[in-house]
Number of protein chains: 2
Amino acid sequence: MSRSNPRVLATLERAGGFASAQEVYRLMQREGESIGLTTVYRSLQSLVNEKIVDVLRRDDGEAIYRLCGDTHHHHLVCKGCGDTVEIEGGAIEKWAKNMAQEHGYREIGHTAEIFGLCSKC
Amino acid sequence: MSRSNPRVLATLERAGGFASAQEVYRLMQREGESIGLTTVYRSLQSLVNEKIVDVLRRDDGEAIYRLCGDTHHHHLVCKGCGDTVEIEGGAIEKWAKNMAQEHGYREIGHTAEIFGLCSKC
DNA sequence: ATGGAAATGAAACTCATTTTCATTTCTATG
DNA sequence: CATAGAAATGAAAATGAGTTTCATTTCCAT
């Protein structure tokens with residue numbers, strides 16, 4: 001198993017805590033850091049597993065990685081500019097739990113994202 | 001410009017109103033329909049432009065197409081056997097609308113899936 | 001008919017992401 | 001210190017979704 005390369009995390013932070021793997025890679029290259037694209041992907045993957053980083057998808061399907069706080073939350077993403085708001089999902093948690101119970105499911109997880117156009121777009 | 005091929009729409013309907021382009025294509029092939037992958041993509045694209053169909057993204061980034069207006073529902077998926085239950089999401093709809101309004105977002109859509117282990121697994 | 005516009009699909013292409021595998025770097029233990 | 005095994009690394013090849021190109025076919029309107 002690979003562990004997350006700290007330089008990747010540092011770069012993601014420097015990028016405003018929001019970038020795709022390719023962007024992180026290009027950024028590191030441009031700043032003269034010697035690293036392989038494979039390692040960038042692996043590190044981001046590890047950061048996701050360690051729940052230090054969150055993955056979302058751009059409209060074109062490219063994965064974007066984003067530093068996130070530890071409270072479990074959901075996202076409100078603008079389809080226009082990609083701006084993201086972290087939101088509480090109390091209602092969702094309950095809904096998920098209810099639905100799961102109703103159908104006899106255990107060890108529940110869920111995903112929920114809202115997307116639309118922000119006031120600026 | 002191309003127009004949407006009615007057989008593609010029919011197949012998407014038959015698929016439960018919810019499938020990726022590749023799935024629609026494979027389904028048509030399996031059922032002996034003669035069609036090219038390109039046409040499937042073009043037709044789905046047109047259906048999206050005509051707002052007959054909606055696009056979402058799977059977790060792996062693959063685009064999935066969904067009939068609009070179709071009373072929209074969510075899925076409860078078993079991580080073990082892949083069994084899927086379609087569920088109502090009234091609570092989610094309200095939550096999404098509220099959150100969006102609260103942050104000044106318009107033209108809202110959302111995704112929400114629950115996953116866990118079913119009673120058999 | 002017939003000429004042009006729209007539709008079609010095979011194949012080549014793009015591009016993000018994953019896999020493979022040989023090499024390098026650590027690290028624990030003798 | 002030596003050194004063997006484990007983990008990390010990255011170049012290159014592979015994968016797979018989606019797009020583009022272009023030659024061919026199908027549709028119509030005249």
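All of these numbers come straight from a predicted model, not from anything done at the bench. Note on naming: letters A, B, ... go to the chains in the order of the sequence lines (proteins, then strands), and numbering restarts at 1 for each one.
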Taking any heavy-atom pair under 4.0 Å as a contact, classify B/Leu37: base, sugar-phosphate, or nothing.
nothing
Over how many whole Å does the gap from A/Gln45 atom CD to C/dT18 atom P extend?
6 Å
Hey, are B/Arg7 and B/Glu33 close enough for a salt bridge, meaning a charged N less than 4.0 Å from a carboxylate O?
yes
Starting at atom CD of A/Glu23, determine the distance to atom P of C/dC15, rounded to an integer number of angstrom.
14 Å
Please work out if A/Asp60 contacts a base, only the sugar-phosphate, or nothing of the nucleic acid, heavy-atom cut-off 4.0 Å.
nothing
Can you check the B/Arg26 CZ to D/dA17 C1' distance for me, whole Å?
11 Å
Does the side chain of B/Glu50 reach to within under 4.5 Å of the side chain of B/Ser4, using non-hydrogen atoms?
yes
Is a donor-acceptor pair below 3.5 Å formed from side chain B/Arg42 to base C/dG9, judging by atom type as modelled?
yes
Please report the interatomic distance CG(A/Leu56) to OG(A/Ser20), rounded to the nearest 0.5 Å.
12.5 Å
Atom-pair distance (CZ on A/Arg57; P on D/dA17), nearest Å:
13 Å
Measure OH/A/Tyr25 against P/D/dT9 and give the value in whole Å, please.
14 Å
In whole Å, I'd like the distance from the OH atom of B/Tyr41 to the C1' atom of C/dT14.
13 Å
Atom-to-atom span, CG of B/Leu56 to P of D/dA17 - whole angstrom:
18 Å
Charged N-O contact under 4.0 Å between B/Glu102 and B/Lys97:
no
Length of the CZ-P vector between B/Arg58 and C/dT17, whole Å:
17 Å
Under 4.0 Å: is that the gap between some side-chain N or O of A/Thr39 and OP1 or OP2 of D/dG10?
yes
What do you reckon, are the aromatic ring centroids of B/His110 and B/His74 less than 6.0 Å apart?
yes
Any idea which of D/dT21, C/dT8, D/dG10 is nearest the B/Thr38 side chain?
D/dT21
Counting only side-chain heavy atoms from C-beta out, which of D/dG10, D/dA17, D/dT21 sits nearest to B/Gln22?
D/dA17
